[in-house]
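Have a look at the structure below, then the notes.
Chain letters run A, B, ... following the sequence lines, proteins first and then strands; every chain starts at 1.
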Amino acid sequence: MRDLDKGKEVHSYALQQGIISDIVVATPIVSMYAKCGELKKAKELFLSLQGRDIVAWSAFLSSLVQAGYPREVCSLFREMQHEGLRPDEVTLISVLSACAEVSCHRLGKSMHCYALKADLESNISTVTTLISMYTKFKLFIHAMTLFNKTHCKDVVTWNTLINGFIRFGDPIHAFEMLQRLKLMGIRQDAGTMVSMVSACSLLDNLKLGISFHGQIKKSGFESDIHVKVALMDMYAKCGSLKSAETLFYTTSMKDEVSWNVMITGYLQNRRANEAISTFNRMKFENVRPNLVTFVTILPAVSCLLALREGMAIHSCIIQMGFITSTLIGNGLIDMYAKCGQLSYAEKCFHEMENKDTISWNTMLSGYAMHGQGDSAIALFSLMEEFDAKIDSVSFLSVLSACRHTGLVQEGRSIFESMCEKHHVEPNMEHYACMVDLLGHAGLFDEALGLINKMPAEPNAEVWGALLGACKIYSNLKLGELALNHLLKLEPENPVHHVVLSDIYAQCGRWNEAGRARSNMKDHGLKKCPGRSWVDADHR
DNA sequence: GTAGGGTTAG
């Protein structure tokens with residue numbers, strides 16, 4: 001029940017009775033603390049236990065996986081081995097789940113090896129966990145080999161594989177496995193339904209989703225909360241928000257996941273306002289938001305530029321102890337940058353204890369957004385200094401900051417360092433960014449030289465960047481060249497004709513300007529008028 | 001005293 005207060009009462013009673021040193025008493029208390037998210041307390045109590053045996057270890061490790069601390073499990077497992085204890089099936093299952101969660105291939109595979117040697121691989125739970133792990137590693141060959149050679153498969157084993165295909169983005173194989181499961185005469189359970197409904201979301205196939213909903217009603221699985229949530233998610237993702245709402249409002253026992261799914265659904269359907277009001281209602285109804293709630297709600301705040309709301313949510317995050325999460329920290333940086341408060345974004349960034357590449361990239365793109373090229377370059381150097389992992393997004397962010405600020409020399413040298421120093425291959429976006437930077441500085445020879453040196457055919461973004469620069473400098477010759485490429489790549493886009501017409505007009509070639517416009521009409525194209533305002537609800 | 005899959009976010 002995750003009832004920490006009651007748990008503490010039991011703990012103090014055990015202390016009072018002097019029975020806390022009994023391992024049978026202490027083990028479930030450790031589990032209770034871990035499952036309630038009290039990692040420090042659980043660890044402290046566990047490490048003070050005299051004569052920890054394999055059951056105590058397994059209980060502790062399994063509670064940690066369930067509470068979402070897979071990294072802790074992997075490192076603690078090594079400590080367990082130092083104590084000379086041999087893992088049993090339960091230990092194995094917990095460690096394998098942890099490996100799956102954090103993509104720890106080495107430990108996961110060596111655990112599999114151990115399972116074989118210790119003859120624990122015939123256990124159906126162990127095999128299922130192994131299959132699950134391999135699908136999470138995206139190693140389907142291993143998952144399938146295990147699946148095919150296991151004879152004692154039950155519906156959970158099947159569901160695991162089916163779900164693996166869905167997570168991998170392969171609904172076709174998932175449906176194929178469902179057919180095979182039916183042919184084998186295995187009874188489907190609620191878990192099977194969850195997978196199939198998710199497959200419909202993935203296919204964006206509302207009709208199929210509705211037909212599964214019909215089957216679910218008939219088979220009585222609709223009362224299962226997981227099934228219900230999967231259905232809400234499917235309806236929201238397939239654009240039928242009304243049906244999602246109906247299901248949501250007719251559910252009496254709504255957990256935090258149901259609320260999260262609705263909040264996400266509103267946001268996916270561009271209704272950020274309702275996402276935020278649903279979040280506020282969730283708090284009003286005393287449902288405790290979790291990590292996912294905050295990860296979802298922060299982009300809704302950015303979308304509405306609702307700074308005050310964002311700050312209220314920030315304080316809520318601190319109060320509830322989520323501020324140490326890297327995921328949350330990254331969301332806050334992004335939210336403040338997008339709401340125009342770059343200094344708050346910086347503060348969040350610098351106060352973060354565990355920064356990952358995304359934290360750095362988010363801060364870099366914040367600087368880019370605000371045209372602060374120098375700050376972006378300084379941060380990028382810091383990134384190199386701190387030995388943070390620099391990826392292709394980092395480069396795109398810092399280069400686009402250079403572009404917005406017109407820092408040609410700096411951009412050029414960072415672009416060159418990409419391959420040479422960091423071994424990151426530039427993609428189309430990087431090239432487009434550089435062409436834009438060079439073009440805006442009037443360096444047409446260099447921009448064209450770069451285009452000619454590209455390993456792949458330049459796309460519309462690259463030529464579009466060149467055309468845009470041509471417009472500023474009234475460079476008709478290159479403008480026409482860029483346009484010819486654009487017309488081949490995107491014949492339906494009216495904007496290209498308009499830009500060319502503008503260049504002709506700037507050169508005083510009014511006849512050609514008119515012809516470019518009428519060319520557009522001849523092709524039945526019409527440009528939507530631009531608008532400088534944006535209705536937050538429609539972004 | 002501990003135990004397999006399935007819902008949300010990234």
### Salt bridge flag under 4.0 Å for residues A:E44 and A:K40
no

### Task
Verify, without hydrogens or angle tests, whether A:S240 (side chain) and A:A236 (backbone) share a donor-acceptor contact under 3.5 angstrom.
no

### Task
Output yes when A:D233 and A:K237 qualify as a salt bridge under the 4.0 Å nitrogen-oxygen rule, no when they do not.
yes

### Query
Using a cut-off of 4.0 Å between protein heavy atoms and nucleotide atoms, how would you tag nucleotides 5-10 of chain B 5' to 3' with B, S and -?
BBBBB-

#### Entry: Nucleotide B:dG4, atom P - distance to CG of A:N123 in whole Å
11 Å

### Message
Tell me whether the side-chain N/O atoms of A:S62 come closer than 4.0 Å to OP1 or OP2 in B:dA3.
### Response
yes

### Summary
Rounded to whole Å, the CD-P distance (A:Q50 to B:dG1) equals 22 Å

### Query
Which part of the nucleic acid, if any, lies within reach of A:D88 when heavy atoms closer than 4.0 Å are counted: base, sugar-phosphate only, or nothing?
nothing

### Query
Would you call the rings of A:F137 and A:H105 parallel, tilted or perpendicular, where under 30° means parallel and over 60° means perpendicular?
parallel

### Query
To the nearest angstrom, how far is A:L76 atom CG from B:dT2 atom P?
19 Å

### Query
With a non-hydrogen cut-off below 4.0 angstrom, is A:D154 in contact with a base, only sugar-phosphate, or nothing?
base

### Query
Between A:F294 and A:F322, how do the two ring planes meet: parallel, tilted or perpendicular, split at 30° and 60°?
tilted

### Query
Using 4.0 Å as the upper bound for N to carboxylate O, is an ion pair formed by A:E83 and A:R52?
yes

